[in-house]
Structures are given as C-alpha cells and as structure tokens.
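Note sheet for the following structure.
Remember, predicted model here, so these are calculated numbers, not experimental data. Heavy atoms only: backbone and side chains are in, while hydrogens, waters and symmetry mates are out.
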Amino acid sequence: MENEWQTALGKMTYGIYVLTTAHEERINGMIASWVSQISYDPPLVMVAVHPSRYSHQMIRKSGGFALHVIEKDRKEFLKRFKGPDPSGKFSGMEWRKGKTGSPLLNDCIAWIDCKVIHQLEPGNHTLFIGQVVDGKSLSENRAMSTADYDGAYTGRC
C-alpha cells in the first residue's frame, strides 16, 4: 500500500533528461529526472543517481556527465535509454565526445557537459554536483517534464 507522502511526491514535476557518461572506452546513457541547477556562479547542477545504475560507477570513475534536454513530444526517443545494452543505446545516433569525455547528443534541445566537483550520499541516491564546463542550446522547442512522461521514477516500487 502506498503512503500519502509517496502520492504527494509523485505530483512534484521535474524535467526529463538523458544523462550520458563515459569511462575509458565505455559509454552509457540513462533517463534522469532528479536534476536541478544549484548555482549560477559558478554554474553548478546536481543529478541524483541510484548506486545500482550502470552509469553510477562510470560517473564516479570518470568524474563527468552530460545532461540533455529532450523535446516534449519525444517520448519514443527515451525508450532507447531504458535498455540493458549500453552500446546499443547510441546505435545510429549522431554524437561526439564532450570536454568531460561524455557523449554529447545532437538530437536534443540543449546539452550541458559537467565535471563532478562533489558527491553526497544523503539517502539511497548519490548526488553528483557538476560544474558546467560546456553547453549548447540547439532549439527553442518545449522541454519534456514528468508531467509529460509516464515512466518518470518517483521511488515507488
């Protein structure tokens, strides 16, 4: 049975992003919704990643990640980042390595490349705080949020 606080937390809205990272020759991408800008001087963002996620250790080892803002009507695009095959997620997709080594996708509204400067473990997710080292806006289209996407993680089992 669900607690009322879980229902309340499920009503909070967040952006839906694709987080990419790389370590050595390996790359991965995952859907991230627990993301926030936390400072503009210096430019800092925070992303929460569960330790069981494949990307978690890659971020720890590489010290970098990139976040991609996805257009509101691109739910199908996100399906490629739910699969278990990291290399298949990027198959047929145009991307390049960013300053942190993380894949930067062309098929998004905007991207930011971040160098991890701090990590916190306040609960069951690790908060990676990244300083923005590069970024680009590619479109003025409306960004997707959890209000547009049924697959957003809310912590419910």
Side-chain angles (χ1 to χ4, degrees), residues 5-6 8-75 77-78 80-82 86 89-90 93-149 151-155:
W5 61 265
Q6 286 175 302
L9 285 176
K11 294 184 185 302
M12 293 180 69
T13 55
Y14 307 92
I16 298 288
Y17 306 90
V18 170
L19 178 148
T20 59
T21 189
H23 180 251
E24 295 174 344
E25 298 303 313
R26 296 178 300 145
I27 60 173
N28 195 41
M30 62 174 268
I31 299 168
S33 59
W34 294 357
V35 175
S36 182
Q37 179 179 345
I38 58 173
S39 172
Y40 65 85
D41 186 19
L44 301 175
V45 296
M46 178 278 310
V47 62
V49 180
H50 195 278
S52 69
R53 299 299 299 260
Y54 181 64
S55 292
H56 186 275
Q57 287 305 316
M58 291 178 73
I59 295 168
R60 276 212 163 134
K61 290 175 181 175
S62 70
F65 62 89
L67 290 166
H68 301 81
V69 182
I70 305 304
E71 187 175 342
K72 178 184 184 240
D73 299 323
R74 299 291 314 277
K75 293 176 195 174
F77 176 74
L78 294 177
R80 69 174 34 236
F81 295 99
K82 285 188 159 258
K89 295 175 182 182
F90 297 88
M93 181 183 296
E94 289 185 30
W95 62 274
R96 64 180 176 83
K97 279 188 175 186
K99 290 183 178 180
T100 66
S102 299
L104 301 178
L105 310 177
N106 292 334
D107 199 5
C108 63
I109 293 175
W111 54 261
I112 57 170
D113 196 10
C114 301
K115 175 182 77 172
V116 175
I117 62 164
H118 197 57
Q119 300 173 44
L120 300 168
E121 296 178 14
N124 63 357
H125 281 61
T126 300
L127 303 180
F128 292 103
I129 297 174
Q131 183 165 353
V132 177
V133 295
D134 199 8
K136 186 169 187 176
S137 177
L138 304 168
S139 168
E140 294 300 319
N141 292 341
R142 188 166 166 239
M144 187 182 301
S145 76
T146 53
D148 306 311
Y149 180 67
Y153 180 69
T154 60

Q. Closest approach of Ile109 and Asn141, non-hydrogen atoms and distance?
A. CD1-O, 3.3 Å

Q) Is the closest side-chain heavy-atom distance between Leu120 and Met46 below 4.5 Å? A) no

Q: Among Val35, Thr146, Asp148, find the one that has a side-chain contact (heavy atoms from CB on, under 4.5 Å) with Ile16.
A: Thr146

Q. For the side chain of His118 and the backbone of Ile129, is there at least one donor-acceptor N/O pair under 3.5 Å apart?
A. no

Q. Where do Ser102 and Phe65 come nearest, in terms of heavy atoms and distance?
A. OG-CA, 3.3 Å

Q) With side chains defined as the heavy atoms from C-beta onward, is the minimum distance between Leu138 and Asn106 less than 4.5 Å? A) no

Q: Answer whether the closest heavy-atom distance between the side chains of Val47 and Val45 falls below 4.5 Å.
A: no

Q) Atom OG1 in Thr20, atom CG in Asp113: separation rounded to 0.5 Å? A) 7.5 Å

Q: Take Glu94 and Asp107 through the side chain to side chain contact (heavy atoms under 4.5 Å, CB included) test and state the conclusion after the steps.
A: CA-CA 8 Å; Glu94 289 185 30; Asp107 199 5; over 6 Å; no

Q.
Nearest 0.5 Å, please: how far is CG in Asp73 from CE in Met144?
A. 7.5 Å

Q.
Restricting to non-hydrogen atoms, name the atom on Pro103 and the atom on Ala22 that form the minimum distance, rounded to 0.1 Å.
A. CD-CB, 4.2 Å

Q | Gap between atom OG of Ser62 and atom CG of Asn28 - 0.5 Å precision | A | 11.0 Å

Q. Can you tell me how far CD1 of Ile27 sits from OG of Ser55, rounded to the nearest 0.5 angstrom?
A. 10.5 Å

Q. In terms of ring plane angle, is the pair Tyr14 and Trp34 parallel, tilted or perpendicular, where the classes change at 30° and 60°?
A. tilted

Q. If only atom types and distance count, is the side chain of Lys89 paired as donor or acceptor with the main-chain N or O of Gly29 below 3.5 Å?
A. yes

Q.
Rounded at 0.5 Å granularity, tell me how far CG in Leu104 sits from NZ in Lys97.
A. 11.0 Å

Q) Only one of Leu67, Leu105, Asp134 clears side-chain contact (heavy atoms from CB on, under 4.5 Å) with Trp111; which? A) Asp134

(Q) Just to verify, which of Arg53, His50, Met58 counts as forming a side-chain contact (heavy atoms from CB on, under 4.5 Å) with Met30? (A) Arg53

Q | Closest non-hydrogen atom pair, Thr126 against Pro51 | A | OG1-CG, 4.2 Å

Q.
Within this structure, what is the CZ-CD1 distance for the pair Phe77 and Ile70, rounded to the nearest 0.5 Å?
A. 5.0 Å

Q. Less than 4.5 Å apart, any side-chain heavy atom of Gln119 and any of Phe128?
A. yes

Q.
For Leu127 versus Ala48, what's the shortest heavy-atom pair and its separation?
A. CD2-CB, 3.6 Å

